[in-house]
Trainee: 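Quick one: the structure is below, questions incoming.
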Amino acid sequence: MRILKYIFLLLLLSLVALSIFIATQKGAFDIERSKVINSSQSSVYNYVNEYRNWEDFGSWAEEDPEMKFVYADKTSGPGASFSWEGKDGNGDLKTLFAKENDSISQKMVFNGNSSDVSWKFKDTIGGTKVTWRTKGQMSFMFKIYSALMGGPDALIGKMYEKSLSNLDKALDYEINTYAVADNGVVKRPTIYYLSQSFTSEISKVIKNSKIVVPKITSFCEENSITTAGKPFVIYHTYDVIKNIAKVSICVPIQSEIFISPGSDMISGKLVVGQAVKATLTGDYSHTGKAFEKAVAFVNKNQLKVDPTISHIEVFATSKEDVKNPSKWVTETYIPLFQVYVAPPTPVATSTAADVEAVPDHEMTETDTPITEKRTYYKPKPVVKQEPIKVHPIQSSAAVIKKIETKKIEIKKPQPAKVVEPEDKGEDSEF
């Protein structure tokens, strides 16, 4: 019994000594790991900035397959957050600050321990250098746990190294895996929409759409306006050399409405017509390739495009539908010119009796192939009469008016016997 007492006392003293040793160790930690990711700076930033992607590259998810993730309504940008429950404990992460393609600052709480987390993205040879850093203060229990695992640097550093390696693999597949399909000429239906218009760098249109679309959607909800389809962007101009585009970011609605003057919302309508379509399946960074495909089809078939619109991009399947960028679907349309041939200027030898009235047409939609030509003017056979002098720039409507004026000015023949007209106190017809 005495030996057992000595053994128990020895174990107790060892435990006390270990506790004192751990308690006197530094509680602060500052751990950093870096890796060059084989993807563009914007692609890496956007992927890390979206919390729903963390399940795919976080090493903790591999080590604990039963881990449960709970996402807030906002999962990217400042204010975004998510939480998790796992075998090693519970935690949550929130984004405090995010600078486009440059850096992200976050606050993490794990089992009651708070730490500051930061990401830095730098364009470099071979891709993007990503630096992941965390610093904070360890609780007593966390000191014991990290001491058993070889210290905080070994514990957290190993987790970061593996996660960064997973990030490289995930991005290489998700961002660089894409396909572009050529859909040829299709019929585009009439679409009513609400939009906001501005001039933007082409590379920032997608970023701006993520800001504008929720605003328009909220406006529709507040005013009981029914939305009817996927958001889209109208590129009124598209200058790839200057990287500038004039765009309207749109949300389709069920029926046409009219917005009060002074509102930052604009109501519009895309009329039915034909368009050349190309479909991208993949990350938004490849949308330019879909546009190039559609342009190549237009040039090959010598089609005439609508001069008022460069092209339209419809987000048919976006990150709101599926988190994997390789599965996003973006439809690109280049509207074709709806054929209309204006009436020619009448020949100078024509008269009012020779010409049928020209219908009061405006440009209209048509389902006929774009190579077909229509005319709304058909002259009758010319009858030889006295030529009417017409100014070259007068329209057909002006000619008809001139002819009618000439008819009115013709005087009736006077009787042979001249009789002084009776003065009735009124003006005569001529």
Side-chain angles (χ1 to χ4, degrees), residues 42-43 46 50 76-77 100 178 180-181 183 186 188-220 225 227-254 256 259 263-295 297-298 305-322 325 327-336:
S42 61
S43 297
N46 290 327
E50 173 55 63
S76 65
E100 182 78 10
Y178 71 94
V180 180
N183 304 114
V186 299
R188 182 173 45 80
T190 296
I191 300 176
Y192 302 108
Y193 62 85
L194 290 180
S195 69
Q196 285 190 336
S197 301
F198 48 85
T199 299
S200 167
E201 293 180 23
I202 294 175
S203 57
K204 294 183 178 179
V205 171
I206 298 298
K207 172 193 171 184
N208 291 328
S209 68
K210 294 176 183 178
I211 299 172
V212 174
V213 169
K215 286 184 179 180
I216 301 177
T217 303
S218 297
F219 179 86
C220 291
I225 300 171
T227 58
K230 296 294 184 177
F232 60 93
V233 178
I234 301 175
Y235 288 82
H236 302 284
T237 62
Y238 190 79
D239 192 334
V240 293
I241 298 177
K242 296 181 179 179
N243 190 32
I244 293 292
K246 183 178 180 182
V247 300
S248 292
I249 297 176
C250 315
V251 172
I253 56 178
Q254 196 170 55
E256 187 173 16
I259 303 296
S263 173
D264 57 349
M265 298 292 171
I266 302 172
S267 62
K269 174 184 176 183
L270 287 173
V271 297
V272 65
Q274 291 180 318
V276 172
K277 178 183 176 183
T279 302
L280 165 69
T281 302
D283 184 70
Y284 296 132
S285 58
H286 306 294
T287 53
K289 294 179 176 62
F291 176 64
E292 291 172 2
K293 191 108 177 177
V295 170
F297 184 91
V298 168
V305 301
D306 186 341
T308 63
I309 298 177
S310 170
H311 62 288
I312 301 168
E313 287 179 355
V314 180
F315 306 121
T317 303
S318 62
K319 71 174 186 177
E320 282 71 28
D321 305 303
V322 59
K327 298 179 181 179
W328 295 345
V329 177
T330 307
E331 298 171 345
T332 299
Y333 297 87
I334 298 182
L336 298 178

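All values derive from a computational prediction rather than experimental measurement. For reference, positions follow the sequence shown, starting with 1.
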Trainee: Any donor and acceptor pair, going by atom type alone, linking the side chain of T279 with main-chain N or O of E331 inside 3.5 Å?
Mentor: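 No, T279 side chain to E331 backbone: no donor-acceptor pair under 3.5 Å.
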Trainee: State, to 0.1 Å, how close Y192 and Q254 come at their nearest heavy-atom pair, and which atoms those are.
Mentor: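 Taking every non-hydrogen atom into account, CD1-O, 4.1 Å.
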Trainee: Please examine the side chains of I234 and S195, heavy atoms only from C-beta on, and report whether any two atoms are closer than 4.5 Å.
Mentor: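 No, every pair of side-chain atoms sits at 4.5 Å or beyond.
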Trainee: Just to verify, what does T217 make a side-chain hydrogen bond (donor to acceptor under 3.5 Å, both in side chains) with, not counting sequence neighbours?
Mentor: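 So T217 forms no side-chain hydrogen bond (donor to acceptor under 3.5 Å, both in side chains) with any residue.
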Trainee: As an exercise, state the distance from NZ of K327 to CG of D321, rounded to the nearest 0.5 Å.
Mentor: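 If I round to the nearest 0.5 Å, the distance is 12.5 Å.
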Trainee: So which atom in A316 and which in K230 form the shortest heavy-atom distance, rounded to 0.1 Å?
Mentor: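 Closest approach of A316 to K230: O-CE, 3.2 Å.
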Trainee: Are L270 and I309 side-chain neighbours, meaning at least one heavy-atom pair lies under 4.5 Å?
Mentor: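 Of all side-chain heavy-atom pairs linking I309 with L270, at least one is under 4.5 Å.
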Trainee: When you compare the side chain of E320 with that of F315, does any pair of heavy atoms fall below 4.5 Å?
Mentor: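 The answer is no; the side chains never approach within 4.5 Å.
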Trainee: Determine whether I259 and L194 satisfy the following criterion, side-chain contact (heavy atoms from CB on, under 4.5 Å), listing intermediate values before the conclusion.
Mentor: CA-CA 9 Å; I259 303 296; L194 290 180; 3.9 Å; yes
Trainee: Over all heavy atoms of both residues, which pair between A228 and I253 is shortest? Give the atoms and the distance, please.
Mentor: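 Shortest heavy-atom contact: CB-C, 3.8 Å.
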Trainee: What heavy-atom pair brings Y284 and S318 nearest, and what distance separates the two atoms?
Mentor: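 Nearest heavy atoms, Y284 then S318: OH-CB, 3.2 Å.
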Trainee: Using side-chain heavy atoms (C-beta onward) and a distance below 4.5 Å, is I244 in contact with T199?
Mentor: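 Yes; the side chains approach each other to less than 4.5 Å.
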Trainee: How long is the straight-line distance from CG of N46 back to NZ of K207, given to the nearest 0.5 Å?
Mentor: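 Separation between the atoms: 9.5 Å.
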Trainee: Could you label the plane-to-plane angle of the Y238 and H311 rings as parallel, tilted or perpendicular, counting under 30° as parallel and over 60° as perpendicular?
Mentor: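 Rings of Y238 and H311: perpendicular, as their planes differ by over 60°.
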Trainee: How would you list, by chain and number, every residue that makes a ring pair (Phe, Tyr, Trp, His ring centres under 6.0 Å) with F232, sequence neighbours excluded?
Mentor: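 For F232, the residues satisfying ring pair (Phe, Tyr, Trp, His ring centres under 6.0 Å) (neighbours in sequence not counted) are Y193.
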Trainee: With a 3.5 Å distance limit and no angle check, can you tell me whether T237 reaches the backbone of K246 through a side-chain donor-acceptor pair?
Mentor: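 Side chain of T237 to backbone of K246, a donor-acceptor pair under 3.5 Å: yes, one is there.
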Trainee: Walk me through whether V251 and V213 qualify under side-chain contact (heavy atoms from CB on, under 4.5 Å).
Mentor: CA-CA 7 Å; V251 172; V213 169; 4.2 Å; yes
Trainee: Heavy atoms only: give me the nearest S197-S248 pair and the separation to one decimal.
Mentor: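 Looking at all heavy atoms of both residues, the shortest contact is OG-OG, 2.5 Å.
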Trainee: Above 12 or not: heavy atoms from other molecules or residues under 6.0 Å from NZ of K210?
Mentor: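 Above 12, so yes.
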Trainee: Could you tell me whether K215 atom NZ has more than 12 heavy atoms of other residues or ligands within 6.0 Å of it?
Mentor: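 Open: at most 12 neighbouring heavy atoms sit under 6.0 Å from NZ of K215.
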Trainee: If I compare all heavy atoms of V276 with all of A294, which pair ends up nearest, and what's the gap?
Mentor: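 Smallest interatomic distance, heavy atoms only, reads CG1-O, 3.8 Å.
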Trainee: Nearest 0.5 Å please: distance from the OG1 atom of T190 over to the CD atom of E256.
Mentor: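 Interatomic distance, T190 OG1 to E256 CD, rounded to 0.5 Å: 10.0 Å.
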Trainee: Does T332 form a side-chain contact (heavy atoms from CB on, under 4.5 Å) with L280? I'd like the steps, not just the answer.
Mentor: CA-CA 8 Å; T332 299; L280 165 69; 5.9 Å; no
Trainee: Distance from I216 atom CD1 to C250 atom SG, nearest 0.5 Å?
Mentor: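 So the gap between those two atoms works out to 7.0 Å.
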Trainee: Whether the side chain of R188 engages the backbone of V271 through a donor-acceptor N/O pair (distance < 3.5 Å, no angle test) should be reported.
Mentor: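 Pair found, side chain donor or acceptor close to backbone of V271.
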Trainee: State the CD-OG distance between Q196 and S209, to the nearest 0.5 angstrom.
Mentor: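 Nearest 0.5 Å value for the CD-OG distance: 12.0 Å.
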Trainee: Roughly how far, to the nearest 0.5 Å, is CG of D239 from CD of E201?
Mentor: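 With rounding to 0.5 Å, CD (E201) is 12.0 Å from CG (D239).
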Trainee: When the ring centroid of Y235 is compared with that of F291, is the distance short of 6.0 Å?
Mentor: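 No, ring centres 6.0 Å or more apart.
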Trainee: Could you tell me if the side chain of V186 sits less than 4.5 Å from the side chain of Y333, heavy atoms only?
Mentor: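 Sidechains of V186 and Y333: in contact.
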Trainee: Given side chains that start at C-beta, do those of I249 and F198 come closer than 4.5 Å, heavy atoms only?
Mentor: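 The answer is yes; the side chains approach within 4.5 Å.
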